Amino acid sequence: MKIATYNVNGVNGRLPVLLRWLEESRPDIVCLQELKAPEERFPAAAIAAAGYDAIWHGQKSWNGVAILSRVGAPVETRRGLPGDPQDTHSRYIEAAVNGLLIGGLYLPNGNPRPGPKFDYKLAWFERLIAHAAELIDSGAPAILAGDFNVMPTERDVYKPERWLDDALFAPEVRAAYFRLLDQGWTDALRALHPDETIYTFWDYFRNAFVRDAGLRIDHLLLSPALADRLLAAEVDSHVRGWEKTSDHAPVWIELGEGKRRRAKRQPG
DNA sequence: ATGCCCTCTATTAGAGGA
(Lines give C-alpha, C1' and ligand atoms only; values in the text may rest on other atoms or scores of the structure.)
Protein backbone atom coordinates (compact mmCIF):
# COMPACT_ATOMS: atom_id res chain seq x y z
CA MET A 1 0.00 0.00 0.00
CA LYS A 2 1.33 3.39 -1.04
CA ILE A 3 0.69 6.37 1.25
CA ALA A 4 1.71 9.93 0.33
CA THR A 5 1.75 13.45 1.69
CA TYR A 6 1.76 16.57 -0.50
CA ASN A 7 1.60 20.24 0.43
CA VAL A 8 -0.09 21.50 -2.72
CA ASN A 9 0.01 25.25 -1.90
CA GLY A 10 -3.51 25.93 -3.22
CA VAL A 11 -5.59 22.92 -4.24
CA ASN A 12 -7.49 24.75 -6.99
CA GLY A 13 -4.56 26.58 -8.50
CA ARG A 14 -2.63 23.32 -8.29
CA LEU A 15 -5.36 21.02 -9.61
CA PRO A 16 -3.72 20.16 -12.99
CA VAL A 17 -0.44 19.33 -11.25
CA LEU A 18 -2.20 17.33 -8.53
CA LEU A 19 -4.19 15.27 -11.05
CA ARG A 20 -1.11 14.67 -13.19
CA TRP A 21 0.83 13.44 -10.16
CA LEU A 22 -2.07 11.23 -8.93
CA GLU A 23 -2.29 9.59 -12.34
CA GLU A 24 1.45 9.05 -12.54
CA SER A 25 2.08 7.94 -8.96
CA ARG A 26 -1.25 6.22 -8.14
CA PRO A 27 -0.91 6.44 -4.34
CA ASP A 28 -3.58 4.55 -2.40
CA ILE A 29 -3.91 7.19 0.31
CA VAL A 30 -2.87 10.86 0.15
CA CYS A 31 -2.72 13.58 2.78
CA LEU A 32 -2.92 17.09 1.30
CA GLN A 33 -2.00 20.35 3.03
CA GLU A 34 -2.46 24.03 2.28
CA LEU A 35 -5.70 23.67 0.37
CA LYS A 36 -6.20 27.46 0.63
CA ALA A 37 -9.85 26.92 -0.18
CA PRO A 38 -13.06 27.18 1.84
CA GLU A 39 -15.00 23.98 2.52
CA GLU A 40 -17.31 24.45 -0.48
CA ARG A 41 -14.51 25.09 -2.97
CA PHE A 42 -12.66 21.79 -2.55
CA PRO A 43 -12.48 20.19 -6.04
CA ALA A 44 -14.16 16.97 -4.93
CA ALA A 45 -15.64 16.14 -8.34
CA ALA A 46 -12.31 16.29 -10.19
CA ILE A 47 -10.66 14.22 -7.46
CA ALA A 48 -13.50 11.67 -7.56
CA ALA A 49 -13.10 11.46 -11.34
CA ALA A 50 -9.45 10.58 -10.72
CA GLY A 51 -10.65 7.65 -8.60
CA TYR A 52 -10.36 9.07 -5.09
CA ASP A 53 -12.81 9.42 -2.22
CA ALA A 54 -11.93 12.37 -0.02
CA ILE A 55 -12.58 14.13 3.25
CA TRP A 56 -11.31 17.65 3.85
CA HIS A 57 -11.23 20.49 6.32
CA GLY A 58 -11.12 23.73 4.39
CA GLN A 59 -10.68 27.36 5.33
CA LYS A 60 -10.82 30.58 3.36
CA SER A 61 -7.41 31.68 1.99
CA TRP A 62 -5.16 29.70 4.31
CA ASN A 63 -4.34 26.26 5.66
CA GLY A 64 -6.72 23.37 4.91
CA VAL A 65 -6.07 19.62 4.98
CA ALA A 66 -7.55 16.61 3.19
CA ILE A 67 -7.29 12.82 3.05
CA LEU A 68 -7.78 11.07 -0.31
CA SER A 69 -8.20 7.33 -0.78
CA ARG A 70 -8.75 4.92 -3.64
CA VAL A 71 -8.89 1.90 -1.31
CA GLY A 72 -12.18 2.69 0.41
CA ALA A 73 -13.74 5.93 1.60
CA PRO A 74 -11.93 7.53 4.56
CA VAL A 75 -14.00 7.28 7.74
CA GLU A 76 -13.35 10.52 9.59
CA THR A 77 -12.32 10.08 13.22
CA ARG A 78 -11.32 13.66 14.05
CA ARG A 79 -11.00 17.16 12.62
CA GLY A 80 -8.86 19.57 14.58
CA LEU A 81 -6.57 18.65 17.45
CA PRO A 82 -8.01 18.49 20.96
CA GLY A 83 -6.85 20.98 23.55
CA ASP A 84 -7.89 24.40 22.23
CA PRO A 85 -11.52 25.07 21.28
CA GLN A 86 -10.54 28.63 20.22
CA ASP A 87 -8.18 27.40 17.49
CA THR A 88 -9.76 28.32 14.15
CA HIS A 89 -7.04 27.01 11.82
CA SER A 90 -7.79 23.95 9.67
CA ARG A 91 -4.63 21.98 10.30
CA TYR A 92 -5.54 18.43 11.34
CA ILE A 93 -7.79 15.74 9.95
CA GLU A 94 -7.84 12.06 10.82
CA ALA A 95 -9.53 9.02 9.36
CA ALA A 96 -9.65 5.23 9.38
CA VAL A 97 -8.73 4.04 5.90
CA ASN A 98 -8.26 0.45 4.81
CA GLY A 99 -7.15 -0.79 8.22
CA LEU A 100 -4.94 2.21 9.00
CA LEU A 101 -5.45 5.30 11.12
CA ILE A 102 -4.24 8.30 9.13
CA GLY A 103 -3.55 11.68 10.75
CA GLY A 104 -2.97 14.41 8.18
CA LEU A 105 -1.43 17.58 9.57
CA TYR A 106 -0.14 21.01 8.67
CA LEU A 107 1.95 22.25 11.57
CA PRO A 108 2.17 26.05 11.88
CA ASN A 109 5.14 27.80 10.27
CA GLY A 110 5.82 29.85 13.40
CA ASN A 111 7.80 32.76 11.95
CA PRO A 112 8.72 35.31 13.05
CA ARG A 113 10.48 34.01 16.14
CA PRO A 114 10.01 35.11 18.81
CA GLY A 115 6.41 36.24 18.68
CA PRO A 116 2.79 35.09 18.94
CA LYS A 117 3.02 32.98 15.79
CA PHE A 118 5.96 31.10 17.24
CA ASP A 119 4.09 30.64 20.52
CA TYR A 120 1.15 29.23 18.55
CA LYS A 121 3.48 26.79 16.78
CA LEU A 122 4.89 25.51 20.07
CA ALA A 123 1.43 25.21 21.62
CA TRP A 124 0.10 23.38 18.56
CA PHE A 125 3.08 21.04 18.69
CA GLU A 126 2.32 20.23 22.34
CA ARG A 127 -1.28 19.41 21.44
CA LEU A 128 -0.03 17.15 18.64
CA ILE A 129 2.35 15.38 21.03
CA ALA A 130 -0.48 14.81 23.51
CA HIS A 131 -2.80 13.43 20.85
CA ALA A 132 -0.06 11.31 19.28
CA ALA A 133 0.57 9.69 22.66
CA GLU A 134 -3.05 8.56 22.69
CA LEU A 135 -2.67 7.10 19.21
CA ILE A 136 0.40 5.17 20.33
CA ASP A 137 -1.36 3.96 23.47
CA SER A 138 -4.31 2.73 21.41
CA GLY A 139 -2.02 0.29 19.64
CA ALA A 140 -3.62 1.19 16.31
CA PRO A 141 -1.56 0.97 13.12
CA ALA A 142 -1.26 4.72 12.71
CA ILE A 143 0.50 7.20 10.43
CA LEU A 144 1.08 10.89 11.07
CA ALA A 145 1.74 12.50 7.71
CA GLY A 146 2.07 16.06 6.56
CA ASP A 147 3.99 19.30 6.53
CA PHE A 148 5.58 19.49 9.99
CA ASN A 149 7.47 22.72 9.24
CA VAL A 150 10.49 21.25 11.06
CA MET A 151 13.90 20.26 9.76
CA PRO A 152 14.83 17.64 12.36
CA THR A 153 18.61 17.72 11.92
CA GLU A 154 21.39 19.64 10.18
CA ARG A 155 21.31 17.03 7.43
CA ASP A 156 17.78 18.19 6.56
CA VAL A 157 18.68 21.77 5.56
CA TYR A 158 21.00 22.98 2.83
CA LYS A 159 22.69 25.62 4.99
CA PRO A 160 22.02 24.90 8.67
CA GLU A 161 23.98 27.88 9.98
CA ARG A 162 21.59 30.26 8.21
CA TRP A 163 18.50 28.69 9.79
CA LEU A 164 19.45 28.46 13.47
CA ASP A 165 17.10 31.27 14.55
CA ASP A 166 14.29 30.35 12.17
CA ALA A 167 11.04 28.89 13.50
CA LEU A 168 11.55 25.79 11.29
CA PHE A 169 14.90 24.90 12.80
CA ALA A 170 14.86 26.45 16.29
CA PRO A 171 16.20 24.19 19.06
CA GLU A 172 12.89 24.02 20.94
CA VAL A 173 11.01 23.01 17.76
CA ARG A 174 13.49 20.28 16.88
CA ALA A 175 13.36 19.11 20.50
CA ALA A 176 9.57 18.87 20.24
CA TYR A 177 9.90 16.79 17.08
CA PHE A 178 12.24 14.34 18.81
CA ARG A 179 9.99 14.17 21.87
CA LEU A 180 7.26 13.12 19.45
CA LEU A 181 9.49 10.47 17.83
CA ASP A 182 10.50 9.21 21.29
CA GLN A 183 6.92 8.04 21.84
CA GLY A 184 7.76 5.29 19.36
CA TRP A 185 7.19 6.87 15.94
CA THR A 186 9.46 6.01 13.02
CA ASP A 187 10.49 8.79 10.60
CA ALA A 188 9.99 6.65 7.48
CA LEU A 189 12.18 8.58 5.05
CA ARG A 190 15.09 8.85 7.46
CA ALA A 191 14.75 5.22 8.61
CA LEU A 192 15.37 3.91 5.08
CA HIS A 193 17.88 6.61 4.06
CA PRO A 194 19.90 7.34 7.20
CA ASP A 195 22.79 9.14 5.53
CA GLU A 196 21.28 10.75 2.44
CA THR A 197 20.61 14.39 1.85
CA ILE A 198 16.86 14.46 1.19
CA TYR A 199 14.69 17.53 0.68
CA THR A 200 10.93 17.88 0.28
CA PHE A 201 10.68 21.67 -0.14
CA TRP A 202 12.53 24.19 -2.29
CA ASP A 203 11.81 27.90 -2.04
CA TYR A 204 10.37 29.68 -5.08
CA PHE A 205 13.04 32.35 -4.54
CA ARG A 206 16.59 32.37 -5.78
CA ASN A 207 16.36 29.37 -8.09
CA ALA A 208 16.33 27.16 -5.01
CA PHE A 209 15.31 23.97 -6.81
CA VAL A 210 18.00 24.26 -9.49
CA ARG A 211 20.60 24.92 -6.76
CA ASP A 212 19.12 22.12 -4.63
CA ALA A 213 18.82 24.59 -1.74
CA GLY A 214 16.09 22.61 -0.01
CA LEU A 215 14.58 21.62 3.30
CA ARG A 216 13.19 18.32 4.58
CA ILE A 217 10.01 19.36 6.37
CA ASP A 218 7.34 16.94 5.08
CA HIS A 219 7.32 13.74 7.09
CA LEU A 220 5.55 10.39 7.41
CA LEU A 221 5.72 8.91 10.91
CA LEU A 222 4.80 5.27 11.55
CA SER A 223 3.46 3.84 14.79
CA PRO A 224 5.30 0.79 16.19
CA ALA A 225 2.70 -1.56 14.71
CA LEU A 226 3.70 -0.39 11.20
CA ALA A 227 7.46 0.03 11.42
CA ASP A 228 8.16 -3.55 10.33
CA ARG A 229 5.98 -3.15 7.23
CA LEU A 230 7.96 -0.26 5.74
CA LEU A 231 9.29 -1.26 2.30
CA ALA A 232 10.12 2.05 0.63
CA ALA A 233 10.10 5.81 1.26
CA GLU A 234 10.81 8.37 -1.46
CA VAL A 235 10.33 11.95 -2.58
CA ASP A 236 8.86 12.62 -6.03
CA SER A 237 11.36 15.45 -6.51
CA HIS A 238 10.77 15.68 -10.25
CA VAL A 239 7.28 17.05 -9.59
CA ARG A 240 8.94 20.17 -8.13
CA GLY A 241 10.33 20.81 -11.63
CA TRP A 242 6.92 20.86 -13.34
CA GLU A 243 5.22 24.02 -14.60
CA LYS A 244 2.98 25.81 -12.08
CA THR A 245 4.16 23.42 -9.37
CA SER A 246 4.00 23.66 -5.58
CA ASP A 247 7.10 24.64 -3.61
CA HIS A 248 6.81 21.24 -1.91
CA ALA A 249 7.27 17.85 -3.58
CA PRO A 250 5.10 14.80 -2.83
CA VAL A 251 6.57 12.29 -0.37
CA TRP A 252 5.41 8.66 -0.21
CA ILE A 253 5.97 5.34 1.50
CA GLU A 254 5.19 1.76 0.54
CA LEU A 255 3.90 -0.60 3.24
CA GLY A 256 3.84 -4.38 2.92
CA GLU A 257 0.83 -6.44 3.86
CA GLY A 258 0.70 -7.07 7.58
CA LYS A 259 -2.74 -8.47 8.18
CA ARG A 260 -1.76 -12.10 8.33
CA ARG A 261 0.99 -13.10 10.65
CA ARG A 262 2.96 -16.16 9.74
CA ALA A 263 2.64 -18.92 12.29
CA LYS A 264 5.78 -19.61 14.19
CA ARG A 265 7.51 -22.62 12.83
CA GLN A 266 7.68 -25.46 15.27
CA PRO A 267 11.01 -27.24 15.58
CA GLY A 268 11.08 -30.83 14.36
C1' DA B 1 18.70 43.37 7.33
C1' DT B 2 15.76 42.78 3.15
C1' DG B 3 14.00 41.22 -1.30
C1' DC B 4 13.59 37.60 -4.25
C1' DC B 5 8.60 34.16 -5.92
C1' DC B 6 4.04 32.48 -5.52
C1' DT B 7 -1.00 32.07 -3.91
C1' DC B 8 -5.10 33.92 -2.33
C1' DT B 9 -8.40 37.79 -1.78
C1' DA B 10 -10.24 41.24 -4.09
C1' DT B 11 -8.50 45.76 -6.90
C1' DT B 12 -3.97 46.82 -7.51
C1' DA B 13 -1.99 46.07 -2.92
C1' DG B 14 -1.57 43.19 1.33
C1' DA B 15 -0.87 38.99 3.94
C1' DG B 16 1.32 34.72 4.48
C1' DG B 17 4.41 31.41 3.30
C1' DA B 18 9.35 28.96 4.92
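Everything quoted here is computed from the prediction, not taken from an experiment. Throughout, a chain's letter reflects where its sequence line sits, starting with A, and its residues are numbered from 1.
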Closest nucleotide of DNA chain B for R206(A) versus for N12(A): which of these residues is on the 5' side?
R206(A)
How many Å lie between CZ on R14(A) and P on dC6(B), as a whole number?
10 Å
Nearest-angstrom distance, C1' atom, dA1(B) to dC6(B)
22 Å
5' precedence on DNA chain B between N63(A) and Y204(A) (nearest-nucleotide basis):
Y204(A)
Separation of dG16(B) C1' from N111(A) CG (nearest whole Å):
11 Å
Could you give the distance separating dG17(B) and dT12(B) at their P atoms, to the nearest angstrom?
24 Å
Check whether F201(A) and V150(A) end up in the same hydrophobic cluster, where Ile, Leu, Val, Met, Phe, Trp and Tyr are linked by side-chain heavy atoms less than 4.5 Å apart.
no
Can you check side-chain hydrogen bond (donor to acceptor under 3.5 Å, both in side chains) on E34(A) and N7(A), steps first, answer last?
CA-CA 6 Å; E34(A) 281 208 85; N7(A) 180 325; 3.2 Å; yes
Would you indicate what D203(A) reaches in the nucleic acid, counting non-hydrogen atoms under 4.0 angstrom: base, sugar-phosphate, or nothing?
nothing
Ignoring the backbone of R41(A), work out which of dG17(B), dA15(B), dT9(B) is nearest its side chain.
dT9(B)
Determine the contact category for Y106(A): base if any of its heavy atoms lies under 4.0 Å from a base atom, sugar-phosphate if only primed atoms, P, OP1 or OP2 are that close, otherwise nothing.
sugar-phosphate
P gap between dG14(B) and dA10(B), integer Å:
16 Å
Just checking D218(A): base, sugar-phosphate only, or nothing, at a heavy-atom cut-off of under 4.0 Å?
nothing
Please work out if N149(A) contacts a base, only the sugar-phosphate, or nothing of the nucleic acid, heavy-atom cut-off 4.0 Å.
sugar-phosphate
Have a look at K244(A) and say if it touches a base, only the backbone sugar-phosphate, or nothing, with a 4.0 Å heavy-atom cut-off.
sugar-phosphate
Measuring only the P atom in each nucleotide, how far is dA13(B) from dT2(B)? A whole number of Å is fine.
22 Å
For dA10(B) and K60(A) - does any side-chain N or O of the residue sit under 4.0 Å from the phosphate oxygens OP1/OP2?
yes
For D147(A), report the nucleic acid contact type (base, sugar-phosphate, nothing); a contact means any heavy atom under 4.0 Å.
sugar-phosphate
Looking at the side chain of N9(A), which of dG16(B), dC4(B), dT7(B) is the nearest nucleotide?
dT7(B)
Can the ring centroids of H89(A) and Y106(A) be said to lie less than 6.0 angstrom from one another?
no
Relative to each other, are the rings of W56(A) and F42(A) parallel, tilted or perpendicular (30° and 60° limits)?
parallel
